[in-house]
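Quick note on labels: first sequence line is chain A, next is B, and so on, each numbered from 1. We use all heavy atoms of the structure for the numbers below, so side chains are in, but hydrogens, waters and symmetry mates are not.
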Amino acid sequence: MSLQPQFSERPPRDVNGPASAPYWEEPASSPYWDAPELAEHLAGQSVHGPEPDASPAILQGLNEAQQQAVLSTEGPLLIIAGPGSGKTRVITHRIAYLVEECGVNPWQILAVTFTNKAAREMRNRLDRLLLSRSEAVTMGTFHAVCSRILRRHGDRIGLNPNFTIYDQDDQIDAIKSSMQLADVDTKRFPPRAMLSRISAAKSTLQESRQMRESAYAAEDEYGANWIETCSRVYHYYEEALSRQNALDFDDLLMRTASLLKNVPEVRAQYHERYRYLLIDEFQDTNIAQYQLARLLTGTHQNLCVVGDPDQSIYSWRNADIRNILSFQSDYPDATVISLGENYRSTKNILQAASSVIAANTERIERPLFTGNPAGRPITLHEAYSADDEAAWAVDEVTRLTKTGEVRAGDCAIMYRINAQSRAFEDQCMRQGMPYRLVGGVRFYHRKEIKDAVSYLRVIYNPDDEVSLRRVINNPPRGIGAKTAQLLTRFSTDRGNTMLAAMQQIADARTEQLPCPISVTARAAKSIADLAITFQRLRDASRELAVADLLDRVLDMSGLARHIQADENSEDRWDNVQELRALAEEYGPSPQADGLGAFLERVSLVSDVDSYEQTDDALTLITLHQAKGLEFPVVMIAGMEEGLLPHSRSLDTIREIEEERRLCYVGMTRAMQRLYLLRAFSRPFPSSGGIPSRFLQDVPEELLASPALERPPGTRADTHPLNPSRPSRNEDAVIGGSWATSRRESRTRRGEAGEGTTGGATRGHLRGDIDEKLTEWVSSRPPRAPQPERIPLTVGEIVRHSVFGEGVVQDVQGVGDDEQVTVNFSSAGLKRLLVSLARLERG
DNA sequence: CATATAGCAGTTTTT
DNA sequence: CTGCTATATG
């Protein structure tokens, strides 16, 4: 390997480059991963010189808190960063500072991001700061990092390096067959719920044995019996995955943690390797990820985590906000910095968002502020139906773009569930508005894609039974459920894999021996043929580039013919071709394990990752996926009870508060203009048209009626709910779902009787036309008055939840930045941020 | 025993 | 609108 990695000759990164740029920000054949010599080489290049400059250029343009965050290079650091506080900027500047000013070898820096897209964006920013050597910094998601570590060192814990990564669909399949083996009724125990409980256990690094033990101790909403059954299925599931040489997403974390914990040499190697670890979106990490971070952080303790508890929206994926508290108790010496100033949004937007989030009770209050102008009022539009909501939104985007103020690419429509995107897509097509849909039925989850990928998976990992079962009769070749079951039994009886069993049948046929299992001659032939096909494909995979291999798979499996024979197959075939185009990037050298890299990418990449915000097209995106993005114009659609908050999240306060955070995340994506939209009727899922409770928390004075802004005579000037104007959608009134709901018709009568003329204004939200809403408002307990915080004084005695009692030694800063130094009797001297630490007086 | 078709239900968010 | 299951047919 060359010791001269031509850093500076690397072509400048194309920010608007192809969406298919490698997701893993370190190329598969990267020299950086395993070249200690390179580390030395880079160290030689580094600026070892004098102490870091007290005011280097890199700090220019940063506020005081941001500078502090950049400069706190040694020891643990917790950054609580509000929305739009320049968090990403702080992280990249910090990395640049470490490299440029402190002489840290970039090879020894690991930055963990939530999505691959975030990693790519961070890389782009770093490129601009560092000019060279930024490439040596490792960036990626926990899952990608773990996958990489396991492929390299997994053998130390008995792992085969060509493991398959199972996504949720595969997991469900595996759970189903595990339940069959465990003799558990899938009707009484829905596989999804099973998986969810098992995944929760895995996210806290619990194996099935521990889960079983906890079954009797823990109080679970389902009861001990349910947990006991779960742990049994979990046990079979564990075995199935291990037999198939497959890892699910949780395993990636779990196994890596176990590797680092149990193999000291490997741990030491990574401690040496990664001297500086940064974790973005820390509020969305789970326990396993946090443990992993701790294991990766050596005695140097240079662990920097950045997060915002108010933006924690992934608890359903077992993200655990307690990690932030754990961090503070695990690293009591940690520096804590709060970034409160918002550089993104107008005052109005920030205030509206703050008001919404302030209603959460399980929350530490933290003031946000901005020097930005007040900007425009928030627009609330109340549409008649989901279609009208979409029509109005697209109209509005058109109107804005016509004035030349904004481009379509500056606008985003956000919604709670993917199903909502359809109405907007339809409208965009009707009105000729270019749009960009993020997510939706995700590419890699499409049937034809999964089928093709499954063939590749079996070629790569012949033990992968989930994939084999998926393709064994796809396209249909006469191997039905019965035959598949016989095959499974035959293989398990012999202690063989399924593919090996098929091979045996093929061998028996060539030698004209009787078929070892009792299946029809046709089935036996099909099995044998498929086994031979796989054998050939496997041989071919050693010589062919991935794209060529894919071609051969499509041809030999009959999948190509099968897809093309279908009536409306054009889209599906296009998708396959798109997959092929992606595979092109993983040729032409099969020696470099292009197939493995390709499959890994297919498993770990998500759709947001390939999304570039530079298109001049309107963005349609879910609220979850919008995290970390920003747009000059944001419209949040479906501000209705049952949708936001979602009907499945109404059971507990905890869930509702997460929905509220989701709303907050959406609102704080907006820079200049924010629109909140709701509809009175919606085909599916029917929300009943009740306005979202979150709307109630937006102060009235921040809202405006769109009618006031709109020139007369334009389309949306007429409102179907206003009796003084003609309805523009008669069809919907008569034949639509309008009158189908009793509640809806009641609302409508009430509106007419009231004779409201204000159109879509806050007025009729607040009015008593909507009984449900009124009910809700009146039944809502009044918010407890917030006690005003009186600054602490030196000498005062305080109590901390973790450190116990102590005496205040010093107080600095005010408000959000108020910091105290406390001498705790048990834990000694600690510096704390008053706004974060739960300090009690006395 | 495999397959096609019709009828049914179940629909959050994603690494 | 789609992905599964039960049923009829080949």
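- Straight-line distance from the CG atom of A/L650 to the C1' atom of B/dT13: 14 Å, rounded to whole Å.
- Checking B/dT15, B/dT3, B/dC1 against the side-chain heavy atoms of A/T483 singles out B/dC1 as nearest.
- Side-chain atoms of A/T622 lie closest to B/dT14 of the nucleotides B/dC1, B/dT15, B/dT14.
- Going from atom CZ of A/R682 over to atom P of B/dT11 covers 19 Å, rounded to whole Å.
- Here A/R477 lies in heavy-atom contact (under 4.0 Å) with sugar-phosphate atoms only.
- Going from atom CG of A/D170 over to atom C1' of B/dT15 covers 14 Å, rounded to whole Å.
- Using a cutoff of 4.0 Å between basic side-chain nitrogens and carboxylate oxygens, A/D426 and A/R422 are not scored as salt-bridged.
- Spacing between atom CZ of A/R661 and atom P of B/dT13 amounts to 18 Å, rounded to whole angstrom units.
- A close approach under 4.0 Å does occur between a side-chain nitrogen or oxygen of A/Q625 and OP1 or OP2 of B/dT14.
- Comparing atom distances between the A/K482 side chain and each of B/dT13, B/dT3, B/dC1 picks out B/dC1 as nearest.
- Distance A/K450 NZ to C/dG3 C1': 14 Å, rounded to the nearest Å.
- Salt bridge annotation for A/D167-A/K450: present, with a cationic side-chain nitrogen under 4.0 angstrom from a carboxylate oxygen.
- A/F142 comes within 4.0 angstrom of no nucleic acid atom, judged by non-hydrogen atoms across all strands.
- For C/dC1, there is no paired nucleotide, since no Watson-Crick or G-U wobble pair has both relevant distances below 3.5 Å.
- Proximity of A/R522 to the phosphate of C/dG10: no side-chain N or O atom is located under 4.0 Å from OP1 or OP2.
- Comparing C/dC1, B/dT13, B/dT15 against the side chain of A/R422 picks out C/dC1 as the nearest.
- Ring geometry for A/Y234 versus A/Y237: interplanar angle of 30 to 60°, hence tilted.
- Closest to the side chain of A/T520, from the set B/dT13, B/dT3, B/dC1, is B/dC1.
- Between the CG atom of A/N418 and the P atom of B/dT14 there is a distance of 5 Å, given to the nearest Å.
- When A/R470, A/R457, A/K176 are each tested for a salt bridge (charged side-chain N to carboxylate O under 4.0 Å, His left out) with A/D170, only one passes: A/R457.
- With DNA chain B read from its 5' end, the first of the two nearest nucleotides for A/A481 and A/Q289 is the one closest to A/A481.
- Closest to the side chain of A/H143, from the set B/dA2, B/dT15, B/dT13, is B/dT15.
- A/N473 comes within 4.0 angstrom of the backbone, heavy atoms only, and of no base.
- Ring planes of A/Y314 and A/F114: tilted class, angle from 30 to 60°.
- A pairwise comparison of heavy atoms in A/T619 and A/F631 identifies OG1-CE2, 3.8 Å as the closest pair.
- For B/dT13, the base is stacked against the aromatic ring of A/W316, per a cut-off of 5.5 Å between centres and 30° between planes.
- Shown here, B/dG10 forms no base pair; nothing in the strands shown gives a Watson-Crick or G-U wobble contact with both key distances under 3.5 Å.
- Of the candidates C/dC1, B/dA2, B/dT15, B/dT15 carries the atom nearest the A/T115 side chain, counting heavy atoms from C-beta on.
- If you measure from atom CD of A/Q171 to atom C1' of B/dT14, you get 12 Å, rounded to the nearest angstrom.
- Listed nucleotides: B/dT13, B/dA2, B/dT15. Nearest to the side chain of A/H624: B/dT13.
- Positionally, the nearest nucleotide of DNA chain B for A/R648 lies more toward the 5' end than for the other of A/F249 and A/R648.
- If you take CG of A/D284 and C1' of B/dT14, they are 11 Å apart, rounded to a whole angstrom.
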